[in-house]
Amino acid sequence: MNNLNTTKKMDEEIEILLLTNYVKNEVSEIPLCIQNILNGRYEDVINSELCSNLVKPYDNNDFYKLIHNSIEEDVTLHNSWLCVGIASLLYFIQCNWTGLQNNKDTDWLKSQEKSALQDLSLHDECNKNTKKPELLYFSKIIFSNEILQNTYESCIWWLFRANLLHQYVLNECSGIIFNETEELINRIRDLSILKNNHCKTLFFIEVAQFYFYYRRIQNSEKYLDLAQETAKLSLSLEGALGKRTKYQDENKAQLYLKTDLKKDQFASRYCENVPKSLDLNDEIRLEHIEFSENVENTQLGGVEEAIVLTKYVQLQLSLPKDKLIDEEVKPYLTVVIDNTKNWSLKMSALYYRCLLESVDKRTVERSMMQMEYLIHELKNTKVSVVYKMDMFFTSGLRPIWVLEQTWAHLMLSLGLVKGALDVFLKLQLWEDVITCYNILELKHKAAEIIYQEISKKPTVLLWCLLGDATQDPNHYETAWKLSNEKSSRAQRHWGLFYFAKKNYEEAIPHLKLSVELNNIQENVWMRLGFAALQTENWKLAATAYRRYCALEPSTFEAWNNLAKAYIKLGDKTRAWKTLQDAIKCNYDSWQVWDNLMIVSIDLGHFSEVIRCYHRILDLKNHHLDVQVLDILTHAILNNINDSDGNPAQRLLPKALELFGRISSSILNNPHIWRMYGQLTALKKTDIDDEKAVKYLQQAHRAAVSDPKWFQHEESIQSVLQLCCVLAEMNLHCASTSEIKKQRSLMGSVKLSLQGVVKKVKDQEYNNKNIPVHLKKVEEYLTIVTNKLEEIKLTN
């Protein structure tokens, strides 16, 4: 450490070197400490004279305070402390991500392992496979020092990186880390170090990777777009003729990714021994698409390839899951796999391809073998850790145990249960172990192994799994007490136990407490919302579904249920806006459109009502909601203002188009024909008047076609009202018609009215409105009869 100039603040150029892990130009007088970091000799930096001075008797609980006091006491050692923090974090990555080449423990730091696990767990648990957690703990203590943060801009960025790695080693998504890291992102965006476009692009990609973990699709897309813009990189899917099977005679259109770089690529270095892509060896499919024409693309550097790979992940998370979408996003992956010379990017790209191919019977075997190869590649000593660290933070590379877990799941999908079981046992993935024992019909072994592990070292997870296996809720209580009443997992398992039994009243307190302890739990918010709906706790349901939709905005059922909760609370305006979001998630659910239509009619969004009804007919072909149509018709007939203050009669053409579509499939509903006739009459032309009469006559025929219509008071009243509308329209039409037409109209309506009056008079009824309507029909009958007499006298 003595080789580092301790009296002079580290240059920004050197900070950028450490952030990018790459010497772009010849930099004069790089201190030995920084050379060691850039050459991957992290242990040498950690075991330096500075850290050796810490090896003295102290209380373990004072380790955090000891480090901060040491930083604050001697300003000349600030450079050294930053280097130690970086080396510690990178060594932690080497142990858990890129492959450990040296398994030596740092003795003076090893004593902090227990404190590190306790501090990093955040009331839940770190993954049991995490190696040397004290390295992450140590680096976070250093990077969180305010004096270092004020001295070195890059210190906050390194803390951001450490936070993301911290989240990766936790078994649960942490709301604490998420909130802290979002604050760091806002602070880093204001740093002058981001005036360097290389740094700016790397930062935007890393932030996108952070949001991927929490499935914040919109946020990740925003930062990915910024990265593309800064890198001047454009990506577009193009089509070209080619073949993808061995026996294909004709060339057909195939997708490929066209890349275009508007400036020189960012500097990056090549790794000669990147992981290899294994051959598919399929009897039908070709290894690669054979294009009939030369498909040229701009050569990309490591940073640009990281953007392409990040774009692939963003599309995978944001688009619906089906084979067609897989074909659309695969070209992004292919570009990186076929061209990159970066170790981390190649590892990640091959990992993502394994996941993509794991669901296809023709590719799942290659997927399993490729994953096994990647795990062995972590032990490849031919590749220096320096090259493995290039672009690591932008690659999205998963920890070693995640690769092994994925490999075991692939084996399980191919029926290799015992092989998968061995891996799950090694990784202490007890939920997967239980699954394997159930498949092997050794259910007794599941509870047995959990008891065995609890006897060694009881944990919250083990007690929860025991509760799941034995269906004894007392075990969840034990887990809860073991965590000092701070574990969101214990409350989640406890609540889901009651939820599965449909005991929603009991489930709600546990689910609610779980999300209070950790608010980034999509599935728990969803179940809490459903339980609240079932118990008619509308306020809680609205809160739960609102939080779920903020975390997972692409689930239309959640938006729909949120709207239902708002409706029950009487807040139809928010319900309407919520249903608009539900439509965006699922354009093909007629039930959501129906809900939106009903809320729209209540709020006076008449234009939206017509749009919704058309979409429902697109999806169902046949749909009848007389109540909605009646309100819409009434609004147009009376020219009521809509929610925006516009007169409803401006929608007359659209309404007539809708009724024309409905009446073409529903021929015998009197209400449809009555409304259609009344709306048509509003156009006030001779032709439309005749059409209106025709539609109203059709309505009358449909109404009286039921031989028992006069036996029900409701239908009697409806027919009498229809007769009044029919008589009025006929009289209006006759007033502008020739004599012959008048006689026909009056004769027809007279017969219709006489038949109805006779049937009604013969009935007994209690409804006081019926005599009033009957009297009005009789008055119209008198007018029509007199009109006929006048016509006869005229002749």
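One is the number of the first residue; the rest follow in order along the sequence.
- Taking the side chain as every heavy atom from C-beta outward, Asn96 and Ile400 never approach each other to under 4.5 Å.
- Rounding to the nearest 0.5 Å gives a distance of 10.5 Å between CD of Glu516 and CG of Asn519.
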Item checked: Glu552 vs Arg215, salt bridge (charged side-chain N to carboxylate O under 4.0 Å, His left out): CA-CA, chis, key distance, verdict -> CA-CA 7 Å; Glu552 187 60 73; Arg215 300 185 67 86; 3.0 Å; yes

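- Proximity of a side-chain donor or acceptor of Ser483 to a complementary backbone N or O of Ser487 within less than 3.5 Å is detected.
- Arg216 forms a cation-pi arrangement with Phe178, by the criterion of a distance under 6.0 Å to the ring centre and an angle within 45° of the ring axis.
- The shortest distance between side-chain heavy atoms of Tyr312 and Val335 does not fall below 4.5 Å.
- The backbone N or O of Glu172 sits less than 3.5 Å from a side-chain atom of Gln167, completing a donor-acceptor pair.
- The side-chain heavy atoms of Leu286 and Thr245, taken from C-beta on, include no pair separated by under 4.5 Å.
- Using modelled atom types, one finds no donor on one side chain facing an acceptor on the other under 3.5 Å when comparing Asn281 with Asp279.
- Between the Asn127 side chain and the Asn129 main chain, a donor and an acceptor come within less than 3.5 Å of each other.
- A distance of 4.0 Å separates CZ of Arg366 from CD of Glu357, quoted to the nearest 0.5 Å.
- Between the side chain of Glu125 and the backbone N or O of Leu461, at least one donor-acceptor pair lies under 3.5 Å.
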Checklist line | Residue pair Thr334, Ile289: steps toward the side-chain contact (heavy atoms from CB on, under 4.5 Å) verdict | finding: CA-CA 10 Å; Thr334 303; Ile289 296 174; over 6 Å; no

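- Side-chain contact check for Met411 versus Leu414: every heavy-atom pair is 4.5 Å or farther apart.
- Checking side-chain atoms of Ser348 against main-chain N and O of Leu345 turns up no donor-acceptor pair under 3.5 Å.
- Atom NE2 of His493 is separated from atom CG of Leu466 by 12.0 Å, given to the nearest 0.5 angstrom.
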Next item on the list: Mind running salt bridge (charged side-chain N to carboxylate O under 4.0 Å, His left out) on Arg285 and Asp360 for me, showing each step along the way?
Entry: CA-CA 13 Å; Arg285 293 186 187 178; Asp360 189 328; 2.9 Å; yes

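- Side chain to side chain, Asn380 and Glu377 meet the donor-acceptor criterion of an N or O pair below 3.5 Å.
- Between Lys330 and Glu327 there is no salt bridge, since none of the side-chain N atoms of the basic residue sits less than 4.0 Å from a carboxylate O of the acidic one.
- Between the side chain of Gln209 and the backbone N or O of Thr394, at least one donor-acceptor pair lies under 3.5 Å.
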Give the table of side-chain donor-acceptor pairs shorter than 3.5 Å for residues 403-410, with sequence neighbours excluded, one pair per line with atom names and distance.
unit_1	atom_1	unit_2	atom_2	d
Glu404	OE1	Lys426	NZ	3.4
Glu404	OE2	Lys426	NZ	2.7
Gln405	NE2	Asp432	OD2	3.4
Thr406	OG1	Val402	O	2.8

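- The closest side-chain heavy-atom distance from Phe424 to Ile434 is not below 4.5 Å.
- Side-chain polar atoms of Glu182 and Tyr211 form a donor-acceptor pair below 3.5 angstrom.
- Of the inter-residue distances, the one linking Lys131 atom NZ with Cys95 atom SG reads 8.0 Å to the nearest 0.5 angstrom.
- With hydrogens and angles left out, the side-chain atoms of Glu477 and Trp463 include no donor and acceptor closer than 3.5 Å.
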Note to self: For a salt bridge (charged side-chain N to carboxylate O under 4.0 Å, His left out) check, start with the C-alpha distance between Arg161 and Glu206, then their side-chain angles and the critical distance, and finish with the verdict.
What the structure shows: CA-CA 8 Å; Arg161 289 175 167 183; Glu206 290 178 30; 2.7 Å; yes

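- Ring to ring, Tyr213 and Tyr168 are close: their centroids are under 6.0 angstrom apart.
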Note to self: Assess the residue pair Phe210 and Tyr223 against the criterion (ring pair (Phe, Tyr, Trp, His ring centres under 6.0 Å)); give the C-alpha distance rounded to whole Å, side-chain angles, the decisive distance to 0.1 Å, and a yes or no.
What the structure shows: CA-CA 10 Å; Phe210 163 75; Tyr223 279 95; 9.4 Å; no

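- For the pair Trp158/Ser139, no side-chain contact is recorded, criterion being any heavy-atom separation below 4.5 Å from C-beta on.
- A donor-acceptor distance shorter than 3.5 angstrom exists from the side chain of Thr478 to the backbone of Asn474, with no hydrogens or angles considered.
- Gln370 places a side-chain heavy atom less than 4.5 Å from the side chain of Cys354.
- Below 30°, between 30° and 60°, or above 60°: for Trp401 and Trp97 the angle between ring planes is between 30° and 60°, a tilted geometry.
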Check: Does the ring pair (Phe, Tyr, Trp, His ring centres under 6.0 Å) test come out yes or no for Phe499 and Tyr504, once each step is laid out?
Finding: CA-CA 6 Å; Phe499 186 91; Tyr504 302 118; 5.4 Å; yes

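- Relative to the six-membered ring of Tyr351, Arg398 misses at least one condition, a distance below 6.0 Å or an angle of at most 45° to the axis.
- Of the options Arg527, Arg489, Arg547, Arg492, a side chain to side chain donor-acceptor pair (under 3.5 Å) to Gln521 is made by Arg492 and by none of the others.
- Between the Thr555 side chain and the Glu557 main chain, no donor and acceptor come within less than 3.5 Å of each other.
- With 3.5 Å as the limit, one finds a donor-acceptor pair spanning the side chains of Thr340 and Glu305.
- Separating the NZ atom in Lys128 from the CD atom in Gln428 is a distance of 6.5 Å, to the nearest 0.5 Å.
- Ring geometry for Tyr476 against Trp494 counts as tilted: the plane angle lies between 30° and 60°, on a 0 to 90° scale.
- Side chains of Leu440 and Leu421 form a contact here, defined as non-hydrogen atoms less than 4.5 Å apart.
- Test Ser277, Ser367, Ser358 against Arg353 for side chain to side chain donor-acceptor pair (under 3.5 Å) and you get one pass: Ser277.
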Note to self: Test side chain to side chain donor-acceptor pair (under 3.5 Å) on Asp390 and Asn21; report intermediate values, then the result.
What the structure shows: CA-CA 6 Å; Asp390 278 350; Asn21 196 52; 2.8 Å; yes

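- For Glu441 (side chain) and Asn438 (main-chain N/O), no donor-acceptor pair under 3.5 Å exists by modelled atom type.
- Atom CG of Leu397 is separated from atom NZ of Lys346 by 14.0 Å, given to the nearest 0.5 angstrom.
- A donor-acceptor pair under 3.5 Å links the side-chain atoms of Ser344 to the main chain of Lys388, judged by distance alone.
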